[in-house]
Amino acid sequence: MSSNNVDAAVLFDIDGTLVDSNYLHIDAWQRAFAEVGIGVEAWRIHRSIGMDGSTLVKTLSDDAPDDQQTRLKDLHSQYYKETATMLQPLPGARELLQKVADLGLKVVFATSAPEDELKMLRETLDSDQLVAAVTSSDDVDTAKPKPDIIEVALERAGVSAERAVFIGDAIWDAEACVRADVPCIGVLSGGVSRDELRDAGAVEVFENADDLLRHLGESAIGRLPRDAD
């Protein structure tokens with residue numbers, strides 16, 4: 001592996017970006033809301049996937065009492081874990097991580113997933129040997145669209161915003177990147193449209209990790225090594 005560009009990093013969201021998990025989250029949330037007697041349409045949950053979990057619950061429950069919000073989060077976690085065997089890497093995800101590492105760029109998992117869910121995702125990807133730094137929900141009080149998790153990831157990787165690119169599937173990713181001054185590449189694998197990702201601030205949009213991999217040289221990631229020359 002080249003070490004010429006160790007001052008540069010690619011920050012990866014995981015859910016919906018590297019692992020096909022978004023619709024499992026939607027199902028888990030819908031079951032959780034139904035169990036506490038709150039009817040929420042699946043599309044509304046989908047539109048909220050990728051934002052801070054506490055914000056999602058507060059918004060979709062119409063700011064229910066704290067104990068009910070805690071119950072919702074616990075139920076979501078329970079139902080999501082039951083689907084662990086259904087988690088799969090998205091097309092090209094592992095290969096993209098390997099290629100980024102081969103370019104001498106730091107691979108960083110910049111996620112706000114809870115530690116138990118993160119463990120499941122990392123086991124699904126089976127690529128920990130490539131990863132230089134990782135974040136989780138323990139690192140911030142409030143996650144995306146606030147930029148905090150990105151800023152923690154940059155600090156942990158030891159790189160500046162100017163020497164990083166973020167890859168994510170949600171408008172919340174793009175909005176957080178705008179606030180953190182980090183270019184965001186959007187992918188459609190989370191179920192959000194190209195125009196919405198661009199409107200939220202994504203500088204480029206690809207179908208999925210595999211599509212990005214095939215066009216890596218001409219992407220913002222491909223330009224990182226050249227910018228170091």
Side-chain angles (χ1 to χ4, degrees), residues 12-91 93-94 109-128 131 134-146 148-149 167-176 186-193 196-197 208-209:
F12 290 89
D13 173 63
I14 305 180
D15 280 305
T17 301
L18 296 174
V19 176
D20 199 0
S21 57
N22 279 13
Y23 293 92
L24 300 180
H25 278 296
I26 294 167
D27 179 69
W29 280 119
Q30 192 167 36
R31 291 174 67 187
F33 280 111
E35 184 155 332
V36 300
I38 299 176
V40 182
E41 297 160 278
W43 72 271
R44 296 188 187 277
I45 299 172
H46 183 211
R47 301 296 298 178
S48 302
I49 293 295
M51 71 161 55
D52 175 72
S54 295
T55 305
L56 179 151
V57 169
K58 183 176 182 178
T59 302
L60 295 180
S61 70
D62 196 22
D63 201 10
D66 289 347
D67 60 339
Q68 194 171 47
Q69 292 191 38
T70 298
R71 177 69 174 151
L72 282 164
K73 286 186 277 190
D74 289 345
L75 285 169
H76 163 264
S77 181
Q78 172 190 327
Y79 292 137
Y80 178 66
K81 288 175 186 175
E82 290 175 2
T83 67
T85 57
M86 299 175 66
L87 291 170
Q88 295 290 332
L90 282 156
R94 289 174 177 150
F109 286 163
T111 175
S112 57
E115 285 289 350
D116 54 349
E117 293 181 15
L118 179 57
K119 183 175 184 290
M120 294 162 54
L121 296 170
R122 293 174 74 168
E123 288 174 352
T124 299
L125 285 168
D126 191 23
S127 299
D128 271 5
V131 181
V134 183
T135 66
S136 74
S137 62
D138 290 345
D139 294 313
V140 293
D141 292 328
T142 305
K144 304 160 192 169
K146 290 193 173 182
D148 304 37
I149 203 73
I167 305 173
D169 66 294
I171 60 172
W172 321 110
D173 294 322
E175 289 179 359
V187 287
L188 303 180
S189 47
V192 178
S193 75
E196 286 176 302
L197 289 169
N208 53 20

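When a residue number appears, it is its place in the shown sequence, counting from 1. Both backbone and side-chain heavy atoms feed into the values below; hydrogens, waters and symmetry mates do not.
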key: Taking every non-hydrogen atom, the tightest pair across Tyr80 and Ser21   = OH-CB, 3.7 Å

query = So do the side chains of Gln69 and Asp63 get within less than 4.5 Å of each other, counting heavy atoms only?
reply = yes

Check: residues 27-36 side-chain donor-acceptor pairs under 3.5 Å, at least two apart:
{"unit_1": "Trp29", "atom_1": "NE1", "unit_2": "His76", "atom_2": "NE2", "d": "3.4"}
{"unit_1": "Glu35", "atom_1": "OE1", "unit_2": "Tyr79", "atom_2": "OH", "d": "2.1"}
{"unit_1": "Glu35", "atom_1": "OE2", "unit_2": "Arg71", "atom_2": "NH2", "d": "3.3"}

message = Check whether Thr135 reaches the backbone of Thr111 with its side chain - one donor and one acceptor, N or O, closer than 3.5 Å.
response = yes

request  = Taking the side chain as every heavy atom from C-beta outward, state whether Lys73 and Ser54 have any pair of such atoms under 4.5 Å apart.
outcome  = yes

ask   = Say you draw a straight line from CD1 of Ile149 to OG of Ser137; how long is it, rounded to the nearest 0.5 Å?
value = 8.0 Å

Pairwise distance OH(Tyr23) to OG1(Thr83) - rounded to 0.5 angstrom = 15.0 Å

remark   = Rounded to the nearest 0.5 Å, the CG atom of Asp15 sits from the CD1 atom of Ile49 at a distance of 8.0 Å

request  = Indicate yes or no: at least one non-hydrogen side-chain atom of Leu118 is less than 4.5 angstrom from one of Ile14.
outcome  = yes

message = Side chains of Gln68 and Ile38, heavy atoms from C-beta outward: is any pair under 4.5 Å?
response = yes

note = Between Ala209 and Pro91 the two heavy atoms that sit nearest each other are CB-O, 3.5 Å

request  = Look up atom CZ in Arg94 and atom OG in Ser127, then write down how far apart they are to the nearest 0.5 Å.
outcome  = 6.0 Å

inquiry  = Between Leu18 and Pro89, is there a side-chain heavy-atom distance shorter than 4.5 Å?
reply    = no

query = Can you find a pair of side-chain heavy atoms, one from Leu60 and one from Ser48, that are under 4.5 Å apart?
reply = yes

request  = Spell out, as yes or no, whether a donor-acceptor pair under 3.5 Å connects the side chain of Ser193 to the backbone of Glu196.
outcome  = yes

inquiry  = With side chain to side chain contact (heavy atoms under 4.5 Å, CB included) as the test, pick out the partner of Val192 among Asn22, Ile171, Asp169.
reply    = Ile171

request  = Supply the atom-to-atom distance Leu56 CG to Ile45 CD1, rounded to the nearest 0.5 angstrom.
outcome  = 7.5 Å

request  = Answer yes or no: does atom CG of Asp138 have more than 12 heavy-atom neighbours from other residues, nucleotides or ligands under 6.0 Å?
outcome  = yes

inquiry  = Quick one, Leu125 and Val19 - any side-chain contact, counting heavy atoms below 4.5 Å?
reply    = yes

message = If you compare all heavy atoms of Val40 against all heavy atoms of Arg44, which two are closest, and at what distance to 0.1 Å?
response = CG1-CB, 4.1 Å

key: Value rounded to 0.5 Å, distance of CG in Asp126 from CG in Leu121   = 13.0 Å

query = Under the 3.5 angstrom rule, does the side chain of Ser77 hit a backbone N or O of Asp74 as a donor-acceptor pair?
reply = no

query = Taking everything shown except Lys58 itself, do over 12 heavy atoms lie less than 6.0 Å from its NZ?
reply = no

key: Chi angles and distances behind the salt bridge (charged side-chain N to carboxylate O under 4.0 Å, His left out) call for Glu41, Arg47   = CA-CA 10 Å; Glu41 297 160 278; Arg47 301 296 298 178; over 6 Å; no

ask   = How close do Asp13 and Gly168 get, heavy atom to heavy atom, and via which atoms?
value = CB-CA, 4.0 Å

